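Before any comments, here is the structure.
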Amino acid sequence: MLKEEVVEEKKVKSYRDIMAGSKAVATAVKLCDVDVVAVYPITPQTPIAEYIAELVANGELKAEYIKVESEHSALSACVGASAAGARTFTATSSQGLALMHEVLFIASGLRLPIVMVNANRALSAPINIWNDQSDAMASRECGWIQIYVETNQEALDSVIMAYKIAENKDILLPVMVNMDGFVLTHTYEPVEIPSKELVEEYLPKYEPLISLDPENPVTMGAIADPNYYMELKYSQVKALENSKDVVKKEQEEFYKLFGRKYDLIEKYKMENADIILATLGSVSGTIKDVIDKLEREKGYKVGLVRVRLYRPFPKEELLDALKGAEVVGVIEKNVSPGIGGGALFNDIKSALYGKSDAKVIGFVAGLGGRDIPPWDIEKAIEICTLAKKEEVEETYWLGLRRW
Amino acid sequence: MEVAADIPSYVKCRKVCKAKLSANRCFKFRKLLKKVSEEELFSKGHRACSGCGAALALRLALKAAGKNVIVVQPTGCMEVVSTPYPETSWKVPYIHVAFENAAAVASGVEAALKALGKKDRVKVLAIGGDGGTVDIGFQALSGMLERGHDVVYICYDNEAYMNTGVQRSGSTPLGAATTTSPAGKVSFGEDRPKKDMPRIVAAHNIPYVATASVAFPLDYMEKVRKALEVKGPAYIHVLAPCPPGWGYDSAKTIELARLAVDTGMWILYEIENGKERITYKPTVKKPVEEYLRAQKRFRHLSKDIIQRIQEEIDKRWKEIFES
Ligand SMILES: Cc1ncc(C[n+]2csc(CCOP(=O)(O)OP(=O)(O)O)c2C)c(N)n1
Ligand code: SF4
Ligand SMILES: [Mg+2]
């Protein structure tokens, strides 16, 4: 048989189901044949931990499931397992990710291809279990590859791709797949589940470059003095930068095998758009609807870029996408206290600096699960329209009640 | 030959030995000694101070463990002195991750070995300082013990945070002056007794818990060996004097470690499947003052504090050795 035919046959074994995002993630973990899972429950990640526990209990996934006593230990156990040569997975949210913070840096510094799903949730205080993306944004400097997904299908696909990217010998970095808590984790959507054979075709068995092995002893986590630290950091940061091309390549490979296309940034209605919105994650669905509506009703030409790969930051791709824009409006569910707007707004502004005359406006929205209704997005677009003619403020909070 | 005194069986049989053989000629002793590997898996060149009790504890542990182990270590003196990039003292695979999570990392390593089918060939040995074990690493350790991971955890106890310059830990004994529990006009140093970590660990009902001292190397190594044989978690708490931290001449490490046992400050025992056994009973109980006066960290102690410490010891001694 030709290779294509074999692939076709493997594709036939894929099937469709309607499932919550958390189950889609657990399914991906099963398909990737993960060896060690260490998770600690936190809303809204909990169903991911539960689904995987079920898979292991039923013998559908042959993995060691470590019922750790905290998220700090969850990631630490993943570091140990990954260093010992196992394919590892963890998932968390918000406070859990914050508790992992210290170990996030170590996982990337030790160059371990751990994959994590972060079900985005607001950070305390006040304690709030609902969705926003401040948790992941607070970890953006940890040296992880960060992906933000829009749908449950994309969550499943991204976990599979994440292992392929992380385990690439030139990269060897951990990957965090971010999915909006509740909005995706608890919402049912149709998902195509690829066949195990197809995933195996795409993702070979994990063969670590080095691991903790008495046959060939190595020391990991040594102390590096000022004489060495910078070089080691440099090579780590370079690997992160280089991973952009690997992400691109792996997305193409994925498309060839699975037929679903992903890009570093997803573009919507960009032709002739003089206002371009930018965002992350699931809210882009609502934004697309509003863009369509305003085009129909008022003839507005508004485009959208959804940043799928956030770290490494796809600077060139964004510059290229935004080159025709007069105004860029960044709508995001996080805030950078003390500097204004959110993290993406500040990143885009710095990327455009000296390269474009576009005005960049930051819209902070949906914090702590506050709904982002279409009229708030319309308001943002109106502000961007106004900005073409007159001075407006640099940042706004959408949907904020003044009391 | 004094070292012989640390073999429990030798001490016992000395009492009944008609031949009154010296240690070198005692066949039991020689048998134990033969087990000691000449191979140095924790090799020289590390940056520990001379006379470092902890470095000795590592070296002996690895002699007992052999080379089919993966060592996990939290941040602390021993990690810092043994892995100055690009050098290492470890001839076995080794990983250091952070200060509070060695037990969690070890759990992960063990789980990986299981998942990859290497469990029978390779053992996991976590070795942490008292700070990384009884304080900041306590939660991760408790989790590891409770989950039943097949890991041997050794706590080398130098009774303070030495790596950061002698700050008190939960393992610092009553009266010891450290930089965060200094003696002063209204302070006699550490005002809380030492946390009884081995007992707390034993409360997890794990198959093997033991205390040890670097002055009793054969006893210690035998315990490490036992711990490695056990299926499930095992814990060894080894007293490891620190010359700069305790304030004594670096030639006196073994002397002090022995004195700690001979005064009853430190008791050598093991708890195997819930059964407790004293592994060494000092022939003569020495006054604790002898131990305290030998170290700068206790030098400020007044008669009544010493008296208080002595009374505590007497009480414990009675419970353990005379009941
Ligand atoms: C989270 C965190 N807090 C504090 C430190 C600083 N620190 C490093 S080692 C250490 C003390 C280690 O003490 P111990 O575990 O007793 O080992 P020792 O140095 O005495 O051998 C401290 C406080 C750290 N590395 N990480
Ligand atoms: S300070 Fe103490 S524990 Fe640390 S290396 Fe020196 S002697 Fe050893
Ligand atoms: Mg210490």
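Residue numbering restarts at 1 for every chain, and letters A, B, ... go by the order of the sequence lines. A quick note: this is a predicted structure, and the numbers were derived from the prediction, not measured.
- Heavy atoms of A:Val36 lying under 4.5 Å from chain B belong exclusively to its side chain.
- A pairwise comparison of heavy atoms in B:Lys118 and A:Ala84 identifies NZ-O, 4.5 Å as the closest pair.
- Interface remark: of the candidates B:Lys67, B:Glu79, B:Gln73, B:Glu100, B:Glu100 forms the most heavy-atom pairs closer than 4.5 Å to chain A.
- A distance of 10.5 Å separates CD1 of A:Ile223 from CZ of B:Arg47, quoted to the nearest 0.5 Å.
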**OP:** Could you walk me through whether A:Leu110 and B:Ile95 pass side chain to side chain contact (heavy atoms under 4.5 Å, CB included), step by step?
**Re:** CA-CA 10 Å; A:Leu110 291 180; B:Ile95 183 167; 4.3 Å; yes

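- Heavy-atom distances place no part of B:Val72 under 4.5 Å from chain A, backbone and side chain included.
- Closest of all the heavy-atom pairs between B:Ala140 and A:Glu69 is CA-OE2, 3.4 Å.
- Interface check for chain A: of the options B:Ser107, B:Ala106, B:Pro86, the most heavy-atom pairs under 4.5 Å are formed by B:Pro86.
- Within the 4.5 angstrom heavy-atom criterion, no atom of A:Leu75 approaches chain B.
- Among the candidates B:Arg147, B:Glu146, B:Lys114, B:His149, the residue making the largest number of heavy-atom pairs closer than 4.5 Å to chain A is B:Arg147.
- To the nearest 0.5 Å, atom OG1 of residue B:Thr88 and atom CE of residue A:Met220 are 12.0 Å apart.
- A:Ser70 places a side-chain heavy atom less than 4.5 Å from the side chain of B:Gln139.
- The shortest distance between side-chain heavy atoms of A:Pro214 and B:Val122 falls below 4.5 Å.
- Residue B:Lys226 qualifies as enclosed at atom NZ: its count of foreign heavy atoms under 6.0 Å is above 12.
- With chain B as the partner, the residue from A:Ser73, A:Ala81, A:Cys78 showing the most heavy-atom pairs under 4.5 Å is A:Ala81.
- Taking both residues in full, the closest heavy atoms of B:Thr83 and A:Thr219 are given as CG2-CG2, 3.7 Å, listed atom of the first, atom of the second, then distance.
- Nearest heavy atoms, A:Ala222 versus B:Tyr85: CB-CB, 4.1 Å.
- Here the CD atom belonging to A:Glu64 is positioned 10.0 Å from the CG atom belonging to B:Leu113, to the nearest 0.5 angstrom.
- For B:Lys34, the NZ atom counts as loosely surrounded, since its 6.0 Å shell holds 12 or fewer non-hydrogen atoms of other residues, nucleotides or ligands.
- Taking all atoms of both residues into account, the shortest heavy-atom contact from B:Ala98 to A:Ile106 is CB-CD1, 3.7 Å.
- No part of A:Ala63 comes within reach of chain B, as not one of its non-hydrogen atoms sits under 4.5 angstrom from that chain.
- At a 4.5 Å heavy-atom cutoff, A:Asp225 makes no contact with chain B through either its backbone or its side chain.
- Of the possible donor and acceptor atoms, one in the side chain of B:His96 sits under 3.5 Å from a partner among the backbone N and O of A:Gly221.
- Within the 4.5 Å cutoff, the side chain of B:Trp90 has no heavy atoms near those of the A:Val218 side chain.
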